[in-house]
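Position 1 is the first residue of the sequence, and the numbers go up from there.
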Amino acid sequence: MAGLDAGVACGGGSYVVRSGAVPSPPRPCDTRDGNFHWTVEDVAKSIVCMLMSGPCLTGYTQTINDWYDRDIDAINEPYRPIPSGAISENEVITQIWVLLLGGLGLGALLDIWAGHDFPIIFYLALGGSLLSYIIYSAPPLKLKQNGWIGNFALGASYIGLPWWAGQALFGTLTTDIVVLTCLYSIAGLGIAIVNDFKSIEGDRTLGLQSLPVAFGMETAKWICVGAIDITQLSVAAYLLSTGKLYYALALLGLTIPQVILQFQYFLKDPVKYDVKYQASAQPFFVFGLLVTALATSH
């Protein structure tokens, strides 16, 4: 595991399934630009990067999103901590600041630890934090009001940002990696749509144009699975075109159970089976990310 695959491992904590790192056999690895070795120091860096991406910055983004969604949640899910009053406004604000400053502090620490002349990890963390607050969650922009733009921004944040952070920590963040992860984020758009079905009542009431509201549940669920599956099949084709046959076959093998589970659960009833579908299908998606990372860094 090096470079890109270390990036996905470092970002695993921030992805929807919170997969964490899945190590390959302990051996030093070098890639075209990767610099990860199975040493105590590099493993410690990975753990700190996961803490930054997962508990701190994903926790921050989830909390701030829940704060701005409190009126919608009062309709859709009134039992959640904020609309139910289980957590006070002061406690929410404290949690937001602690997680944000903790994440930014760890980003700065990683830059110093890696010997970066330019604090790229800190700025990635800062940019992602501003994206989640100013652009995605908060008015007046509030990208999540638009199902296409908002869900792509969410997918890019879950997939792209932690991947970039790990790549910057152990290698060099290059244009081809940025492009690949942005394209992979189209699948993240599909995964983000899964969560919109249970919120359709509140979104419609408050004027949010989520895809289930804009297109109806029947069309939206096919857009959802199409974004997830077509993206992965396209990446598998790309890997095949670059001579990575076994990686392409591995990604294809990980996509097939997702399609089966989509027909078994999600396409039958995206509201009733959303949790069961995500719990059963998304681990295959995350392993597909790891396969892609391994393929593009070897």
Exercise. Could Glu201 and Arg204 be called an ion pair, given the rule that one side-chain N must be under 4.0 Å from one carboxylate O?
Worked result: no

Problem set entry | Non-hydrogen side-chain atoms of Asn195 and Gln278 separated by less than 4.5 Å | yes

For this session: Report, as yes or no, whether the 6.0 Å neighbourhood of atom CZ on Phe284 holds more than 12 heavy atoms from other residues, nucleotides or ligands.
Result: no

Exercise. Hey, quick one: are Ile112 and Phe170 part of the same hydrophobic cluster, counting side-chain heavy atoms closer than 4.5 Å, chains of contacts allowed?
Worked result: no

Exercise. Quick one: CG on Leu124 to CD on Gln167, what's the gap to the nearest 0.5 Å?
Worked result: 11.0 Å

Exercise. Which heavy atom of Thr231 sits nearest a heavy atom of Ala187, and at what distance?
Worked result: OG1-N, 3.5 Å

Problem set entry | Phe118, CZ atom: more than 12 neighbouring heavy atoms under 6.0 Å | yes

Exercise. Shortest non-hydrogen contact from Pro83 to Glu77?
Worked result: CG-O, 3.8 Å

Exercise. Can you list the steps and then say if Phe266 with Phe197 is a ring-ring contact (aromatic ring centres under 6.0 Å, His included)?
Worked result: CA-CA 11 Å; Phe266 183 74; Phe197 288 93; 5.5 Å; yes

Exercise. Is the CD1 atom of Ile230 crowded by more than 12 outside heavy atoms at less than 6.0 Å?
Worked result: no

Exercise. Counting only N and O atoms by type, is there a donor-acceptor contact under 3.5 Å from the side chain of Thr242 to the main-chain atoms of Leu239?
Worked result: yes

Exercise. Has the side chain of Asp42 got a donor or acceptor atom that lies under 3.5 Å from a matching backbone atom of His37?
Worked result: yes

Problem set entry | Full working for ring-ring contact (aromatic ring centres under 6.0 Å, His included) between Tyr277 and Tyr265 | CA-CA 6 Å; Tyr277 165 69; Tyr265 294 123; 7.8 Å; no

Exercise. Does the side chain of Leu251 come within less than 4.5 Å of Thr292's, by heavy atoms?
Worked result: yes

For this session: Taking atom types as modelled, find out whether Thr174 and Asp176 have a side-chain donor-acceptor pair closer than 3.5 angstrom.
Result: yes

Exercise. Between atom CD1 of Ile87 and atom CH2 of Trp67, what is the distance when rounded to the nearest 0.5 Å?
Worked result: 9.5 Å

Exercise. Taking His116 for the side chain and Ile121 for the main chain, is one N or O donor matched with an acceptor at less than 3.5 Å?
Worked result: no

Exercise. Are side-chain heavy atoms of Asn65 and Thr61 found at a separation under 4.5 Å?
Worked result: no

Exercise. Closest heavy-atom contact between Ile159 and Tyr184?
Worked result: CD1-O, 3.7 Å

Problem set entry | Side-chain heavy atoms of Asp73 within contact of Ile82, under 4.5 Å | no

Problem set entry | Ala192 to Leu154 - nearest heavy-atom pair and separation | CB-CD2, 3.6 Å

Exercise. Under 3.5 Å, side chain of Asp203 to main-chain N/O of Ser210, donor-acceptor pair present?
Worked result: no

For this session: Could you check if a side-chain atom of Tyr158 sits within less than 4.5 angstrom of a side-chain atom of Ile191, using non-hydrogen atoms only?
Result: no

Exercise. Is there a donor-acceptor contact under 3.5 Å from the side chain of Thr181 to the main chain of Val178?
Worked result: yes

For this session: Could you check if a side-chain atom of Asp229 sits within less than 4.5 angstrom of a side-chain atom of Gln262, using non-hydrogen atoms only?
Result: yes

Exercise. For Leu100 and Tyr60, which heavy atoms make the closest approach, and how far apart are they?
Worked result: CB-CD1, 3.7 Å

Exercise. How about Leu57 and Met52: do any of their side-chain heavy atoms sit closer than 4.5 Å?
Worked result: yes

Exercise. Counting only heavy atoms not in Leu252, do more than 12 sit closer than 6.0 Å to its CG atom?
Worked result: yes

Exercise. Does Thr58 use its side chain to pair, donor to acceptor, with the backbone of Pro55 at less than 3.5 Å?
Worked result: no

Exercise. Under 3.5 Å, is there a donor-acceptor pair between the side chain of Ser199 and the main chain of Gly202?
Worked result: no

Exercise. Above 12 or not: heavy atoms from other molecules or residues under 6.0 Å from OH of Tyr238?
Worked result: no

For this session: Indicate yes or no for a side-chain donor-acceptor contact from Ser185 to the backbone of Gly188 under 3.5 Å, with no hydrogens or angles considered.
Result: no

